[in-house]
Amino acid sequence: AGFNVLKLLNSTTAAAIVYSMYHRKRLPEQADKAVPVAFVDFGDSTLNVAIVSLSQGTVEVKGFACDEHLGGIDFTSALVKMLLEKTKQKYKIDPTQTPRAMLRFTQAAEKLKKSLSINPIMPFDVQSCMNDIDVSFMVKREEFEETIGDLVNRIEAPILKALELANVKKEDLFAIEVHGGASRVKSVKEKIASVFGKELTQSLNPDECFSLGAGFQAAILSPQYRVDLKVKDVAPHQVMIEWVDDQGVKKTNELFKQFNVVPC
C-alpha cells in the first residue's frame, strides 16, 4: 500500500485512543484523576484484554492479558463440526471428502454464525453441496451456544488476569468496551458482562476502531497535526534471548520485562 510505518500499536491501545477522543468531555481533565476502562478485543484468532487509565490528555495501559488460541475462528470450527454431523445424519453425505464442497459448507457456516447473533433461529443452506444435493435445515441459537460453551468459559481467565495485573477492581471500572468480530456472539457478550458484573458498552465501531486509533496515533506523531494526547503503550510480553555458549551450555537472559513501555 506504500504506507510509511511510524509505530506498532496494540489493538486495545488503538481502541483506547479512539475512546479517549470521542468521550473526551466525559473523562477527567487532570491525569492524576484518570479513570480505568476495560477494552476487550475479541477477534477472529485471539482474545485481548487491556485495562487502560484515561483522562482528557492521557492514555496509559495498566494491565494486559490474552488468550492467543481463542477467537471467532474457533466458534466457526465448532459450528462446522456440529453442522457436519447433522448433514451426515440427514443426507448421508460427507462434505469433508471434497474440498470444494467443504469450502461452500464453511462459508455457509460463517454466514449462519453471524445470523444467529441477531436471530434466535436461522436456516442453514448449501446449494449443490455434494453430488448435486442441496443441504437445508433449521438451526437454533441454543444449539450453537451449547456447542461453543467450553470456548466461551475460557473468556473469564484473561479478564481476571488483566484486572489483577493492573491492580484494578471490577467495581472501580469507568466503562467496559467490547470490540472485534467475535464480540457479536450473544453468549460472548453475556459471559463478559457476567465476569465484570457490569453492563457492557460498544460506543465505537467494533471493527474500524483499531484502524481509526492507528490513524490518530499517526497524527500524534506527525508534525503536521497537533493532537493533545499522550499515549503510554506497553509490550504485552516478556522478551527473552536464548543461546548456547562455547561449552555447549544453554543460557537465557531477559531483554525486556513484561509491560515494558514502548518504544524503548
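The number of heavy atoms from other shown groups lying within 6.0 Å of NZ (Lys140) does not exceed 12. Heavy-atom contacts from other residues, nucleotides or ligands closer than 6.0 Å to CD of Glu208 number 12 or fewer. Glu199 CD: 12 or fewer foreign heavy atoms inside a 6.0 Å radius. More than 12 heavy atoms of other residues, nucleotides or ligands lie within 6.0 Å of CG in Asp245, so this atom counts as buried by the packing criterion. Heavy-atom contacts from other residues, nucleotides or ligands closer than 6.0 Å to CG of Asp150 number 12 or fewer. By the 6.0 Å contact criterion, OH on Tyr22 is open, its count of non-hydrogen atoms from other residues, nucleotides or ligands being 12 or less. The environment of Glu254 atom CD is dense: over 12 non-hydrogen atoms of other residues, nucleotides or ligands sit within 6.0 angstrom. Summarising the local packing, CG of Leu8 is surrounded by 12 or fewer heavy atoms from other residues, nucleotides or ligands at distances under 6.0 Å.
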Checking side chain to side chain contact (heavy atoms under 4.5 Å, CB included) for the pair Val59/Val52: CA distance, chi angles, key distance, verdict? CA-CA 7 Å; Val59 172; Val52 186; 3.7 Å; yes
Please test Val195 against Leu160 for side chain to side chain contact (heavy atoms under 4.5 Å, CB included), starting from the C-alpha separation and ending with a verdict. CA-CA 8 Å; Val195 174; Leu160 297 180; 4.2 Å; yes
Verdict with supporting geometry, Glu143 and Lys86, salt bridge (charged side-chain N to carboxylate O under 4.0 Å, His left out): CA-CA 12 Å; Glu143 296 178 88; Lys86 282 178 170 284; 2.9 Å; yes
Passes salt bridge (charged side-chain N to carboxylate O under 4.0 Å, His left out), Glu242 versus Lys250? Steps please. CA-CA 7 Å; Glu242 186 178 281; Lys250 191 176 182 180; 3.4 Å; yes
Side chain to side chain contact (heavy atoms under 4.5 Å, CB included) for Cys66 and Thr46? Distances and angles first, verdict last. CA-CA 7 Å; Cys66 64; Thr46 59; 5.9 Å; no
For Asn10 and Asn48, run side chain to side chain contact (heavy atoms under 4.5 Å, CB included): C-alpha distance rounded to whole Å, both residues' side-chain angles, the deciding distance at 0.1 Å, then the answer. CA-CA 9 Å; Asn10 289 305; Asn48 301 313; over 6 Å; no
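Shown here are the side-chain hydrogen bond (donor to acceptor under 3.5 Å, both in side chains) partners of Glu142, two or more places apart in sequence or in another chain: there are none. In this structure, the side-chain hydrogen bond (donor to acceptor under 3.5 Å, both in side chains) partners of Thr13, at least two apart in sequence or on a different chain, are Asp233.
Of the N and O atoms on the side chains of Gln217 and Lys7, at least one donor lies less than 3.5 Å from an acceptor on the other residue.
Between His237 and Phe64, the angle of the ring planes goes over 60°, which puts this pair in the perpendicular group of the 30/60° scheme.
Residues Ser53 and Lys62 have side chains in contact (heavy-atom distance under 4.5 Å, counting atoms from C-beta outward). In this structure the side chain of Phe196 reaches within 4.5 angstrom of the side chain of Val40, judged on heavy atoms. Lys191 has its side chain within reach of Asn153: a pair of non-hydrogen atoms, C-beta onward, lies under 4.5 Å apart. A heavy-atom distance below 4.5 Å is found between the side chains of Ile155 and Leu47. Proximity of Cys129 to Asp134: side-chain heavy atoms (C-beta onward) are nowhere separated by under 4.5 Å. Looking only at side-chain heavy atoms (C-beta outward), Phe144 and Val185 come within less than 4.5 Å of each other. Counting heavy atoms from C-beta on, the side chains of Leu70 and Leu151 come closer than 4.5 Å. Contact check for Tyr19 versus Arg26: side-chain heavy atoms found under the 4.5 Å cut-off.
Within the 6.0 Å centre-distance limit, the rings of Phe124 and Phe105 are counted as a close aromatic pair.
For Asp207 (side chain) and Gly180 (main-chain N/O), no donor-acceptor pair under 3.5 Å exists by modelled atom type. The backbone N or O of Pro236 lies less than 3.5 Å from a partner atom in the side chain of Gln258, making a donor-acceptor pair. A donor-acceptor contact shorter than 3.5 Å links the side chain of Lys90 to the backbone of Ser136. Distance alone, capped at 3.5 Å, is enough to place a donor-acceptor pair between the Gln202 side chain and the Val178 backbone. Although no hydrogens or angles enter the test, the distance criterion places a donor-acceptor pair under 3.5 Å between the side chain of Arg24 and the main chain of Gln56. Put simply, the side chain of Asp94 gets close to the backbone of Thr96: a donor and an acceptor are under 3.5 Å apart. A distance-only check finds no donor-acceptor pair linking the side chain of Asn119 to the backbone of Met122 [under 3.5 Å]. Put simply, the side chain of Thr87 gets close to the backbone of Leu83: a donor and an acceptor are under 3.5 Å apart. Although no hydrogens or angles enter the test, the distance criterion places a donor-acceptor pair under 3.5 Å between the side chain of Ser55 and the main chain of Thr58.
From Thr12, atom OG1 reaches atom CZ of Phe210 across 8.0 Å, with rounding to the nearest 0.5 Å. Atom CG in Leu116 sits 9.0 Å away from atom CD1 in Ile121 (nearest 0.5 Å). Going from atom CG of Asp67 over to atom OG of Ser45 covers 10.5 Å, rounded to the nearest 0.5 Å. In this structure, the separation between CD1 on Ile148 and CG on Asp74 is 10.5 Å, given to the nearest 0.5 Å. In this structure, CG on Asn205 lies 8.0 Å from OG on Ser211, to the nearest 0.5 angstrom. The CD atom of Gln247 sits 8.5 Å away from atom NZ of Lys251, with the distance rounded to the nearest 0.5 Å.
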Output side-chain donor-acceptor pairs under 3.5 Å for residues 218-232, partner residues at least two apart or in another chain, one line each.
unit_1 : atom_1 : unit_2 : atom_2 : d
Ser222 : OG     : Gln224 : N      : 3.1
Lys232 : NZ     : Glu60  : OE2    : 3.2

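In this structure, Lys113 pairs ionically with Glu110, as a charged nitrogen and a carboxylate oxygen lie closer than 4.0 Å. Salt bridge Lys186/Glu145: absent, no basic N to carboxylate O contact under 4.0 Å. A salt bridge does not link Asp125 to Arg104: none of the charged nitrogens lies less than 4.0 Å from a carboxylate oxygen.
When the side chains of ILVMFWY residues are joined at heavy-atom separations under 4.5 Å, either directly or via intervening members, Ile176 and Ile51 end up in a single hydrophobic cluster. Ile73 and Leu84 fall into different hydrophobic clusters, defined by Ile, Leu, Val, Met, Phe, Trp and Tyr side-chain heavy atoms under 4.5 Å apart, directly or through other members. In the hydrophobic cluster analysis, where Ile, Leu, Val, Met, Phe, Trp and Tyr join through side-chain heavy atoms closer than 4.5 angstrom, Phe259 is grouped together with Leu9. Hydrophobic clustering of Ile, Leu, Val, Met, Phe, Trp and Tyr side chains at less than 4.5 Å, counting indirect connections, unites Tyr91 with Met130. Under the 4.5 Å side-chain contact rule for hydrophobic residues, Phe39 and Phe174 share a cluster.
The two residues Ala162 and Ala65 come nearest to each other via the heavy atoms N-CB, 3.7 Å. Residues Cys209 and Leu204 approach most closely at CB-CB, 4.0 Å, considering heavy atoms. For the pair His179 and Glu177, the tightest heavy-atom approach, listed with the atom from each and the gap, is NE2-OE1, 2.8 Å. Closest heavy-atom contact between Leu27 and Ser20: CD1-CA, 3.9 Å.
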